[in-house]
Each structure stands twice: as structure tokens, then as C-alpha cells.
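Within every chain, numbering begins at 1; the chains are lettered A, B, ... in the order of the sequence lines, protein sequences first and strands thereafter.
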Amino acid sequence: MQENDDILPITALPQTGFKAFAMLVTTLGTSTKTNDKLDALGKYFNTAPAKDRVWVIALFSGRRPKRMVSSTLLVQWCVALIQQPVWMFEECYHTVGDLAETIALLLPETDTLEGSGKSLAWYLEQVSRLEKADEADRKLFVVNNWLEMNREERFVFNKLLTGGFRIGVSQKMMVNALAKSVELEPSVIAHRISGNWNPATTSFEELLSEHAATTDYSKPYPFYLAYQLEDDVSTLGEPHEWQAEWKWDGIRGQLIKRNDQLFVWSRGEELMTEKFPEYEVLRDLLPNGVALDGEIIPAVGGQPLPFALLQTRIGRKNITKKQLQEAPICFFCYDLLEYNHEDWRNNPLTERRAQLEELVTKAGHTALQLSPLIFYSTWDDLIEIRRQSRDYYAEGLMLKRKSSAYQVGRKVGDWWKWKVDPFTIDAVMIYAQKGHGRRSNLYTDYTFAVKDGDKLVSFTKAYSGLTDKEFAQVDAFVKRNSLEKFGPVRTVKPELVFEIAFEGIAASNRHKSGVALRFPRISRWRKDKKPDEINTLEDLQKMLLLYGQKTVG
Amino acid sequence: MALIEFSNRGLYCPPGDFYIDPWKPVNKAVITHAHSDHARPGSAYYLCHHLTKPLLQARLGDNNYESSGWHEPISINGVKLSLHPAGHIIGSSQVRVEYNNEVWVVSGDYKTENDGISGAFEPVKCHVFITESTFGLPIYTWKKQEAIYSDIRQWIMYNKAQKKTSVLIAYSLGKAQRVLNAIAPLNETVYLHGAIYNMHQALLSAGLQLPAVERITPDTPKEKLRSAIVIAPPSADGTPWMKRFNPYSVGVCSGWMQVRGNVRRRNVDAGFVLSDHADWNGLLSAVKATGAEKVYVTHGFQSAFSRYLNEQGLWSAEVKTEYGGEEETDETIIKEEA
Ligand SMILES: [Zn+2]
Ligand SMILES: [Zn+2]
């Protein structure tokens, strides 16, 4: 480390290649202000080599390289190198809470804090090349590179290797920084970097050029996302200026037909065409040059089924006949983004909707449904209708201004989601475990139980939902009131009562309680309640009967 | 009979009838250093190093204090006792106890790198060594002090260029004085939070040489604090007191900053891994240098560190004490990295 001459923070010193990228990740991971993050990204885009910029765009838009090596192997290679027992590694991992960081901290300090001098692109190309190499080759690659990196680089390198690359930056933020750097509108950037492209073979110029978009027939439009309506619905103005639909509990998707090919994208910009053979038939029924926004959802006779059924389909390679019969996947359309090869996003919603209805009717197939409009005349009507959402397997309502354009990203004003309140249940904490990452060292992962006669039955874990201060208080309680210790898990005195909120419930024979919850989280600490005032297993079973779904393993 | 027992009041020497760093009031207390988890009120008699005495007076008020220099043998009920530099903070000492040709050493808190303020840690030969283990995992290895000091200075200069005040969070006794030394080459006025200023005064009156500083009061004009350097204790972080510095950047100086999760959780702009405790290699080298055949481990990652020593062929056991350690969330450790 230089000590004297020009005094600049480390992050401002001229850096190149992988080291610059590692610095960027460190800054993004630790800075607390959006502007600092934007600055760091902007600086990176202005100085990094073009090839590295392409990879950063890829990484920050969810286009990660495949996992090249398992965590288990990485740990093995690390402990062999540092000559520590495995239990010591585990102890350290428990304190750090992040595998990539634990390894980076444990590897011997290198003399050259200068770092490796190689580029980000070089590493990522090696990583994909080694996908097919044997274990000895991969080990050699990893260990040799570890030894010539500084600590920040090792951390980022490990993250790339394990495929668990997430940092405190949204795709939107990256797009904004890039837009500023190349002097284009963020919405234009968002569109150009979407779709199906390979960072290894795409140049920066190609990626951002206008032409590229026309040759990639799969390219989706960025999704328009809504915020939750927190205010009273009457603040939206006149009811007749708005259109109401159910907010479906499926996967947001975009269905595109161009050049006689069909493409299905998820909101996470994952190409999912192959996962849903039900849609194949639409290729012949839809005209070329259309893009539809809608929900991927299982349904029979136009009636949606619970989300749990869709979950059984995702991540499965082979789909059985039985699945195709019992839970066929439909596409519930609610918007038309492209028609007749033209971008329709700036037309008013009513116009898009009218054209959409015509299109869906013409296609005339059960796999393509219109997401129905809800008719109402006053806000009070709508409030009443919203209460019935769960009976339709909907999460609530969507409100869209009839005159609105289809915008890019999450925007306030014209679209709102208006979800129903979650299910809640009061439960007592019975186990605690130390958290990971941000909350390593604190007991922040809890297991909760309900009453069953005079016994307690555990039914769910829940993580988020408390403030840092509350976490510290619960942590202190756990340390004072541990009854037993099983590895990292502590059994605690059943004393603290929490309200657990969740979005859905399904039968499960994997859980002692017989139920599995969807998105369980702590909604508040019920300091006002005693453990004998919590809900019962019977309460959960009643919910299951009313809203549940029976065939989840 | 063991020369030092682990009683519920603290480390106890039966033949000498005295305690070392007791956590409950006792008749005779030998104090390793002035941090609050080691020096507690209520005892009838305190023995400590000369430099620790004024700090105890400031912290615990008037009491029956006796002080000694390093290496001066003192006899208590036939037990030979002496203090040896621990390098942790000003006045911090290891306690050597000898009786019937058996020597035990209680490390108190220590660090092996010489910080130029606390006196250089001195390995003391003994049969039994009782060591701390605040950072007793191999993930904790520190950069050289000068490299960290340089990082701190660069960060300050960068903030200055952005017209931001640099607020350095450091524990008032020990860490704050090291930070003062770190930034002395910048030749700028350093502004201190009241708590750190009071400690500063106590140290000056104990005869320590420290750079000139200015205290922050409600009357300090805001213009003076613009782009300035401020040192504040952890308790001030995130309180309305900080508002006067807007716009500012916060940098926490603590060994716990080694782990990213802690930096993020504290929601600070920078973490400087600057500790007054030995790192993993420091602990190992200290243990080895004592030549001890038995090592008791307290204060930190005692179970991992003692298990490691055992596997290396050195007899070791963990001891539960009420210093720092397991029961603290790192939130409170940062408050009192003691
Ligand atoms: Zn301590
Ligand atoms: Zn201390």
C-alpha cells in the first residue's frame, strides 16, 4: 500500500481489471447512500475496459455464469491450503455468515496487495471454460488465482465461483448509472440490455446499439411495476378513470411471438419458454410481432388454481402427463405491448386493452385467457370486492389508470397494487439460530410454535420483520434463556410472542404441524401477549380448510 | 490447590487472598486495566499500574488505591506478584503471580503490536497462562497499524475534498488516542465529543503526551466543524448529536469491522479494522512465548481457541468469565471494546 503522495481514498486510486471490479463491489456493498452507489457505478462505466463493462451489465441484470464449483469443494480446497481443521472453518463461517467472505478472510495474506492485474472478462471466460474441466484442473485454477489476489478480489472471485452473486444494487440502479455514462435514456438502456444475449460474445457497442434489438427476436420489454397503495383508495380520484383487475398470485410474464417463434419471459428476465409446453400451441394461433404482458398461472376452465401447484412445476425438467392434466398452465393477459411489430406502450391503456381483447378472442385457446376486468361504480363497491380476493386465489386488486401509458420499471401514479392484508397468527418463539450476512453473530433466525392442548407444535420459521433494535433485544433474551444447544440451534424458553404474517397456506406432510406457509415473516412483536394467549394448531387447520391446498409434499 | 481459581466473583488467588479483575466487590482487587469490564466499583482496595490509577480515580471515584510500576515485585501474604506491559491500552498490565516455585500469568486484555502509547507487550514465562481470546478465530488477522492509519488519513482527505466532515467512531479509552496519533500527520484541529474529551483530560493529567484538541460544545459554531475531523464514542453514533456535522461521513474503528456484515449492519460509511486486542497470530505467538504447559482461555472465542490449542498438543481449557465475550452482541462490544 502506498502511503504518501496523493492522498485519495482507496476507492479513488486508479485501478484496473479485476481489482477495480472488486473495489466496485466493496463500495456497493458497504455504502449506505444511493448517490454514492450511483457514483461508483458511473465511475466504473467511465473507466473500465469495454469487455468488463459488458460483464458487469450481465452480472447486475441477473445473467450470472453457472456455478463452476460446489461450496463443499471450495471449503475443502481452502482448509487444505490454510491447514486448519474443518470444525474451525465451520466456526469461522458461523461468525462471518458468508462462505465467500469466510474463505477470503482465512486464506493467507499475500505480499502483493496490488492484486492480480487480470481483467474481469478473463476470469469469467475461464470460469465458463472450466465448466467442463475435471476437478483437478478446476482446483488448480481456483487455488492459483486465490494466491495472487488481495482480500477484496478473493471475496468477489468466490462469489462468482459459487454463483451466489448478489450485491446491494438493483438492476434499475445499474441501468441509471449506465444511462448517464453513455448519455441515453434509462428506458432505452433497459430495453437494449434485455433479452437473450451472451456476454462472452457480445461487445459493448453491439449491446447498446439500436440494431441489436431488431435482430434479437426474443427481446422483451422492461416490465411496468406497481407500488402498493397505502393511502385510502378515494385519493385516486374518480372511480371511472380507473380499471380494476385481480392481482394474480402467479409469475409475472411476457409472451412474445416474432419471426414465427414463441418466447416466454419471467419478470426476472428468465427465458421460460421450455418450462411451459402448454404455450406451444399459441405459436400457430398468434400473429407475428406481438408482446403480451400477463400472469403465468395454473387454471382449469378459466379458473385459477393455487400458487402451490405452479411451484411444483418450476425447477422440474420433465413434466408428467398427470401434471399437465391436473394443473395446466395458462397465460392470463392484461396488457399489449407490441402489436403488428409496433411498440404500443405509449398508447392509452383502454386502446391497448381493446386490441388485446380482440387478439385473445381470435386466438381462441384456453391456454390464453384474458385477465377479466372487475366492474364497479363506486370505491365502496371495490372495497367490498377486494375483500373476496382470496376466494378467487387472488392477492388483491390491481388499479390502472385508463389513460396510462405502459411505463418502465417501478413508477408511482398510474398503476397500483392493492393487496389484501396477509394472514396472521400469534405464535411463541421456541428455537433461535444465528443469522447470516448482515446479521451474523446475532440470533435472528427463529422457529415458532402454536399451542396444541398443553403442548407446543412448531409450524414455521420466519426471518425478517424486526428492527435492528428489536433483534438486539431478542438476541439478548436468547442468550439469557437458552435451555439446550444443538449445534447452532438453541432451544429457548417459550416466552416471547410474535405475530407471524403469511401469504398462503398449504397442507404438508414434511412439517410436524401438517401445514406449510408461504412468505412467513414476523409482522410485530406482541409484547402485550403471554405465551398462553397464542393461536392453536386448530386455528391453523381451519385456515387450511378455508384457503389451503392439499397436495403439496 | 490451584494458584488461581475461577470463582463467581472473578479470578481468585487463595494463598494471596486477592482477586484479579473481580466483577463483584471484594477486599483486595488487582486490576489489569481501566476498561469497565475489568475495573468495577465497590472493592475495598485496588492495586494497579501507575498509569491506570488516575483513570480508575476518574472512573470509580476516590478509593483505596495503590499503584506500582512494571516489573516491581510486590508481596501479598507470601505470594509474589508483579505487573508486566500488556500493550492493550494505557497502563494495561499482565499480572504475574508466583508461589512455591509455580508461576501463573493473567494476561488481561492485550495486543502484541506496539501502538506507541500503551507500552510494548512483553511475553512472561510461566507454567500456567490465562489468556483472553476476543479475536480468537483465524479470520481475525490485522493489517499493520501504519497501513490502517494511512487508510484513515486517505479517507479523511477524500471526505474533505467532498466537503464532508469525517466522524471517526472510537472507544474513548485507548482507541481514541490511537486515532489521534493516526491523524496527527495531517496537522489539523481535531474536535472531540465530550466523553472523549474528558478521558483526554484524565490522560493528560496522568502525564501522557497527546496532540492538542478542541472540545465540541453546544456553542461550537457549525462553520468550524465543516469538513473537520471529529472523534466520537460509539454511543454517539446515530444520535441527533451527529446532526450538527451535516454533511458528514462516519468511519468506525474496531476489530469487528473485519467482517463486512458488521460494517453493513452498523450502517456506516467506512469500517477501519483497528483493534486493541491481539489478532489470531498475535494470540498464538503470545501463548507460545510464555512457554506455559497449561492455558486457560477466557473473554471471547474461548471454546474454539482452547480446542485448537488442545489439538496442537497444548493442554487448554475454556473458562467462563464476565469480561466481554459471548454474551455480548457485537453492538455492545463496539460500545466497549474492552
Ligand atoms: Zn476486556
Ligand atoms: Zn480492555
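Atom OG1 of A:Thr95 is separated from atom CD1 of B:Ile139 by 5.0 Å, given to the nearest 0.5 angstrom.
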Please tabulate, one pair per line, all N/O donor-acceptor pairs under 3.5 Å involving side-chain atoms of residues 74-90 of chain A, not counting sequence neighbours.
from: A:Trp87; atom 1: NE1; to: B:Glu311; atom 2: OE1; distance (Å): 3.0
from: A:Trp87; atom 1: NE1; to: B:Glu311; atom 2: OE2; distance (Å): 2.9

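Listed options A:Leu106, A:Asp36, A:Thr102 were ranked by heavy-atom pairs under 4.5 angstrom with chain B; first place goes to A:Leu106.
Residues that satisfy the salt bridge (charged side-chain N to carboxylate O under 4.0 Å, His left out) test with A:Lys493, not counting sequence neighbours, are A:Glu495.
A:Val96 has its side chain out of reach of B:Gln258: every pair of non-hydrogen atoms, C-beta onward, lies at least 4.5 Å apart.
Within 6.0 Å of the NZ atom in B:Lys222, the count of heavy atoms belonging to other residues, nucleotides or ligands does not exceed 12.
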Let me see the working for B:Thr141 and A:Arg151 under side-chain contact (heavy atoms from CB on, under 4.5 Å), right down to the final yes or no. CA-CA 12 Å; B:Thr141 51; A:Arg151 201 171 263 173; 3.0 Å; yes
